[in-house]
Structure formats: structure tokens, C-alpha cells
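Following: one structure in C-alpha cells, then a few remarks.
In the text below, chain A, chain B and the rest are named by the order of the sequence lines, each starting its count at 1.
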Number of protein chains: 2
Amino acid sequence: MDQVTRPKHAVPQPRVTSFDVAALAGVSQSSVSRAFSKRSNISEDTRQKIFEAARKLNYVPNSIASSLTTRRSNIIALIIGDLKNPFYVRMLHAFSERLQAEGRQILAFTAGPDDDTDAVMMRVLQYQVDGIIVTQARLSMRMTGLSHERGIPIIFFNRYVPGSDASCVRCDNAAGGRVLAECLLRAGAKSFAMIAGEARATTSHDRISGFVERLRESGVRPQDIETAEGFSTYDGGVIAIQKLLKDRKAPLPDALFCINDIMAMGAMDVMTHSYGLSVPTDIMVASFDNIPESGRLPYQLTTIEQPLDAMITETLKLLHLDDPGSGIELGLDRPIPGPLIWRATIPGSAPDAATLATL
Amino acid sequence: MDQVTRPKHAVPQPRVTSFDVAALAGVSQSSVSRAFSKRSNISEDTRQKIFEAARKLNYVPNSIASSLTTRRSNIIALIIGDLKNPFYVRMLHAFSERLQAEGRQILAFTAGPDDDTDAVMMRVLQYQVDGIIVTQARLSMRMTGLSHERGIPIIFFNRYVPGSDASCVRCDNAAGGRVLAECLLRAGAKSFAMIAGEARATTSHDRISGFVERLRESGVRPQDIETAEGFSTYDGGVIAIQKLLKDRKAPLPDALFCINDIMAMGAMDVMTHSYGLSVPTDIMVASFDNIPESGRLPYQLTTIEQPLDAMITETLKLLHLDDPGSGIELGLDRPIPGPLIWRATIPGSAPDAATLATL
DNA sequence: TTGAAAGCGCTAACAC
DNA sequence: GTGTTAGCGCTTTCAA
């Protein structure tokens, strides 16, 4: 009775291999292999016989072993910076579902801004992944080269690295910036504040430059455009708006442009709760991403949606997962337009599509 | 000049193997293997010689091949339901960092509530992972059995499956529920509403039962405790509070207990923006998780923190990643107490630790 | 400390 | 359509 109090342990069984299944089914081992692989010459009859034997033995093919011979692991590496921005969470989830549906899985690698990305890449290469998706992190040319030499394609997702030989799939950020500027202008805004992300981030840079470009075209003077940096996080948005508002003598700008929703949320929370400001009455707000949070009651953000599904489709296309022999195209850039999501942070109604198209 | 307009393609190079390195370094292939493996008998001299050759050839050990012989992949499967709740995002990120620091990676598997979890598990087993962490999904006994037979431990994270032979690491939900009840009681609450999660979720069940238990002990009558179900999502919280408040004739309950922060946020947004209610003046709120969002200006939730770091440490301990031969202990349950995070949704100040300890 | 050789479990020619 | 056989790139005895 003593046994009951001791923790129970599982007893590991010897591994069941395709040889065991072959023996039980009375066929050769290679037939077992054929039975479990798509489009291979095997009679339905023996296949069933094999499946039956496999079921009896609880046989599961060893994908590690098969990767070794086929040189395909069906694993895609996803190098992710951090998950503070819900957009990247959505992205991760969507990639995982899409890939899993086609029999592949995501191997997650984290690379913070302070981490040695090259070291992480070496780890990635060890795992013999079929492709690499990089968000937020930056990669040295040496590393992209090593990866490409091995036939492993790299896609920068939502991050454009000028001069890199890795390809890039991203939202058309500059175009979105122009659209948002136009919306604000039409709603009557004359003076502007912007909360940018990290200066090095191309995403931030492109959104800002499209936005400012359109403003300039409409005759807005440089002194009517203020900027603060928000590091693309909620807390960064909070800090940036405080810098903009604290001890302010000048009148409030008419409109605030945040380069992503999460910073807009931080900024709005501060304006609403610490300064008693109303949006859009006191100040209009526009941003980017259309994360799920942006539609919630306290925010109702007018924003440019990142066309996630289209971006993922394009990424998977560039990855050429199904015909690895085709060679890796280098340095492709795929900007995808994102739709305007009109909500409540800009007064009035959305410009019609025709108008926006001419931008 | 025509070439310039054609897309450039990377030319795949033949793979560099340990044999190539051995040849260049003038040693045997097995020495190369030794050089790259921890604690192995090799002179520092030849090791350096080999590293040098490896560097010249850009050699990276093939971990797929090594997994085949060692039967260890250094890959941990993480089966995740969905990422709508930020708590699971934090968890994913924290696991990934902790594992990566010790030379392992996460292979992500998604299993929605409608997916066939057993089919997902078969996929997991193919990849020869060293361990499996399951959140949100439920697993059949057959599958846990198959995994354990293969020597692959399974840990349910933040999910207790009574009777399962897989072990479980979780927050002590019932204790947290009691603490929150006590806080609300001390703040003067006499009537209560609760927003529960899915009925089948043990997490929700335990939090609710601890909460109600304490209420009963203090003489609160059953008719003074209302319940609505919120499916553990933001939108679910919104719907639940609307059901509770719409066409309400009875007076408002004194306090609202939500079994997680994300639903509390949905409920608060509705109460604030649609009903003009103030927290905690009109109604107190308490919840669970301490996700980063819960500390933001519009919420300031008083909540029980899920002790994520401790939970992860315990999970890694139960996984026995470093001594796989030790056998898998079955059916362990590790409830870990979560600290009370006192903010602004309950008036007054927090009960002292001594008081809470006696609960 | 080092090298030779036998696998790990599977796929893919190649014969039959 | 099926079986035989030679690897895939590595780790790990076993001898030297």
C-alpha cells in the first residue's frame, strides 16, 4: 500500500519504428515509408494494411529522421523582437495557423534590441529550418548571406532593410501616412503633432514621411508640425504625449498622428484621464495597425489597417516552401496597401475611395 | 546589361559537414563532433584548430542530425489555444526567453477550441520534442499516454485536468478568489456580481469557488451573488456586463468580480462609457492575472497576479529537461500562490499581509 | 586524447 | 507496385 504514496512514473517504451510496422504488416520498411508519404506509388491495399499495423503499434513517423534525408524540416523560424505590441501577437498567431494548416510549424526565436542577432541566427541555422521570417530585429549581411547560401530564404516582415539581399513584405506605410494626413486636413486640422517610433525603424520613418509629405503639399508650415518619439510601445506613447503637453503654453495642435495604435492608446489615455481632453473635440487622433484594441469603446481609433492576411499570403509566396529548388529571389520589396478604418477619432465622415485613390 | 533587370537569385552552396571541417583541420570527423559538444574529452589545442577551420568554412552543426542520434531535439512544443488574452502572450514570450537561454526553442502549435486536439498531438509527437506544454487545450488520456510512453513529459499550464496523468502548474486560483472576496467584503461590499469564464475551464471554476466560499463564510446570501458568463475574452466581458446591466431594475451590486483582467477591462469600458458609472464609487471591481494592461490609466485594476516566473520555473523543473532518464512523474499538481496587486478599483487600502495569510 | 566504425529512422534511387 | 540498398550528418562506443 506503500506504493500509493509514491509518485507514479511513466515507463518509457522502446521506440516503434517503420521496421516494426513493416514486420507486423508483412511488407518491407520502404513500403511503410511510402504509405506515409503523399503522392507515392503504393497500392491502396497495402497502404491500408500498413496503416492498420501502424495504428496497432501507435506508430508515428519520426520527422527528424525524415528531415535528415529530405533536407526539409517543415519548420519555419520566426524571429520576433518583443510582443508588447499586439500587432505582432496577431501576426504570430496568424502565421502559426496558416503554416500549421499546410503541415508546417513555427519555431520561435526571440531577439530583443540588445541581443546579439547574429548569435540568434546561428542558432536558427542549426535547426535546418526551411525559411526564416524576421520582424523587428535587424540582421547583418553576413548572416543573410549564410542563410541564402544554404538555400534558406529570409523575409523581413513589416520591416524594410535598404540594401539587404533579403526580401521584404510590409504595409505600404508611406501611402497610409498620406491618407491619414488627407483625412485630418479635410476635417479641418491646421496644426499637427506626431508621435514617432524608434528613429531607425523604417516602418515609423515611412509612415511619418508619407504623412508629412502630404501635409507639405497642402501648405502646412514646418513649424505647425511637432514631433515626439514614443518607441512604439504603450508606455512610450504615454511619455511622448506628456512631453508634448506638459507645461504647454502654445495652443493644442488640432491633430495628433501616432505611427501605431498602441501609442495612440497610451496618448489618448493620458489626454483623457490626466488632462481632461476629449477626442476628437479637443484634438483629433489618427494612427496605424488596426489592432483589435483600437476598436474598443475608450479609443474608437481611425487608423490604417495592416493588411495582415495579404501580407502573410505574400510572405508564404516569397518563401517558395513548396518548390525549394527554384532558387531564392533576392532583395524583393512587397509593399501592400492597407485600408483606412474610419472610426471616431476624426470628426465627420471618411473621404470617398475615389478621392483617396488619387493620393 | 540585361542581367540587371532580372531578379537576382541566391546560388545554393553544397552543405558543409563535420567531415569538411575535419579535413581542413586535419583531424577525424569524430573530433569535430567532440569539439562542438560540451564536456567531452578533447584537448584545447585541437578544439581551437577545429573552431578555426569551422569558422573558415562557415560550418554550423546540424542539430537535426544530432537529434537523430541523441534522441533529444532541444525543442519544446507549446500548444496554445488563442492569444486573445494578453496573459498567454506574456507566457509565450517568457517561456521562449527562458528556454532559449538554456539552448532550447519553442515549437508553436495552435489548437482552437474546435480543433481536433488529438490530431495536433500526433503532429507534436512526430517532431520528437523533448517536452510539451499545454495551455487552454484539453487532451485525451490516450494522447497523454502515448506521449508518456515515448518519454515525453506533458505539463498543463494554468489548467488543471482532474484525473489526467499529466502534471499541472497553475496559480492557486481558489486562494486568490478568497483573497479578493475578503478585500471586497472589508471595503463594505454586501452584494456581488461575477463574470465567469467558460464553465468547463478549471481556472474559472476555482477562482469563482474560492470567491464564493469566502463570501458564504461571511454570511453573504446566495441571492446577493449574481453570475454571468464571459468566455474569458474582452468581448465576452462586454457582453456579460451588458446582460447584467441592461434593463436593470434591481439596485447595482456593490462589487463586480471578473475571473480575469481582460474581461474586467471590457466590463469597465462598458460601465464607464455606456452607463456613465464610476469605479469604485458606483461599483467596485476585482479580477485576476495582472496583465500589463490592468495597470493602465483607465483601469487601475486591483487584481491577483499570476506568478508567471515562478510558474515557469516550476514547469521547467517538472519537465526534467536535463535528466530525461529520470522518468516522468505522473499527475503532479503545483498550485502557486499569486500576490494581491492593490490598485484603485477597490476603495481604501489593502488588508495587511498577516490578515490575508489567515485566509 | 584520438580515430574507426556502427548506427539513429527515414527517403530515394535502383532493380525486379 | 514492391524490396534492396545506400546514404542524410551526427554521436558514441570501442580500440589504439
Side chains of [X] and [Y]: do they bring a donor and an acceptor to under 3.5 Å?
{"X": "A:N158", "Y": "A:T135", "result": "no"}
{"X": "B:Q48", "Y": "B:E44", "result": "yes"}
{"X": "A:R123", "Y": "B:Q100", "result": "no"}
{"X": "B:S43", "Y": "B:T46", "result": "yes"}

Query raised in the report: Using a cut-off of 4.0 Å on non-hydrogen atoms, how would the nucleic acid contact of B:T46 be classed: base, sugar-phosphate, or nothing?
Result: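 Answer is sugar-phosphate: B:T46 comes under 4.0 Å of backbone atoms only.
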
Query raised in the report: When all nucleic acid strands are considered with a 4.0 Å heavy-atom cut-off, which category describes A:V32: base, sugar-phosphate, or nothing?
Result: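 Touches nothing.
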
Query raised in the report: Going through the distances and angles, do B:I76 and B:L321 end up as a side-chain contact (heavy atoms from CB on, under 4.5 Å)?
Result: CA-CA 9 Å; B:I76 308 297; B:L321 263 15; 3.9 Å; yes

Query raised in the report: Less than 4.5 Å apart, any side-chain heavy atom of B:R150 and any of B:L125?
Result: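 Contact flag for B:R150/B:L125 side chains = yes.
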
Quick one: [X] [atom1] to [N] [atom2], roughly how many Å, whole number?
{"X": "A:Q128", "N": "C:dT11", "atom1": "CD", "atom2": "P", "result": "17 Å"}
{"X": "A:I50", "N": "D:dG3", "atom1": "CD1", "atom2": "C1'", "result": "12 Å"}
{"X": "B:Q126", "N": "C:dT11", "atom1": "CD", "atom2": "P", "result": "10 Å"}
{"X": "A:N41", "N": "C:dA12", "atom1": "CG", "atom2": "C1'", "result": "12 Å"}
{"X": "B:F36", "N": "D:dC10", "atom1": "CZ", "atom2": "P", "result": "9 Å"}
{"X": "B:R72", "N": "D:dT12", "atom1": "CZ", "atom2": "C1'", "result": "17 Å"}
{"X": "B:Q48", "N": "C:dT1", "atom1": "CD", "atom2": "C1'", "result": "16 Å"}

N/O contacts under 3.5 Å, protein versus nucleotides 7-10 of chain C?
| unit_1 | atom_1 | unit_2 | atom_2 | d |
| --- | --- | --- | --- | --- |
| C:dG9 | OP1 | B:R71 | NH2 | 2.8 |
| C:dG9 | N2 | A:A65 | O | 3.3 |
| C:dC10 | OP1 | A:Y59 | OH | 2.6 |
| C:dC10 | OP1 | A:N62 | N | 3.2 |
| C:dC10 | OP2 | A:S18 | N | 2.6 |
| C:dC10 | OP2 | A:S18 | OG | 2.7 |

**Report entry** B:F51, B:F19, B:F36 screened by ring-ring contact (aromatic ring centres under 6.0 Å, His included) with B:Y59, the one that passes
**Finding:**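 Single pass found, and it is B:F36.
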
**Report entry** Axis bend over the full length of the helix from C:dT1-D:dA16 to C:dC16-D:dG1, computed from five pairs that close each end, to 10 degrees
**Finding:**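 Result, rounded to 10 degrees: 30°.
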
Query raised in the report: In this structure, which one of B:R98, B:R334, B:R170 forms a salt bridge (Lys or Arg N to Asp or Glu O under 4.0 Å) with B:E314?
Result: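 With B:E314 as partner, salt bridge (Lys or Arg N to Asp or Glu O under 4.0 Å) holds for just one option, B:R334.
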
Requested in this report: Examine distances only and state if a side-chain atom of A:T110 and a backbone atom of A:I80 form a donor-acceptor pair shorter than 3.5 Å.
Outcome: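 Between the backbone of A:I80 and the side chain of A:T110 there is no qualifying donor-acceptor contact (under 3.5 Å).
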
Requested in this report: Give the ring-plane orientation class for B:F157 versus B:F95, where under 30° counts as parallel, over 60° as perpendicular and anything between as tilted.
Outcome: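 Rings of B:F157 and B:F95: perpendicular, as their planes differ by over 60°.
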
Short heteroatom pairs, N/O only, protein and nucleotides 13-16 of chain C, under 3.5 Å:
| unit_1 | atom_1 | unit_2 | atom_2 | d |
| --- | --- | --- | --- | --- |
| C:dA13 | N6 | A:R34 | NH2 | 3.3 |

Query raised in the report: Is a salt bridge present between A:D20 and A:R15, judged by a nitrogen-to-oxygen distance below 4.0 Å?
Result: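 No, this pair does not count.
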
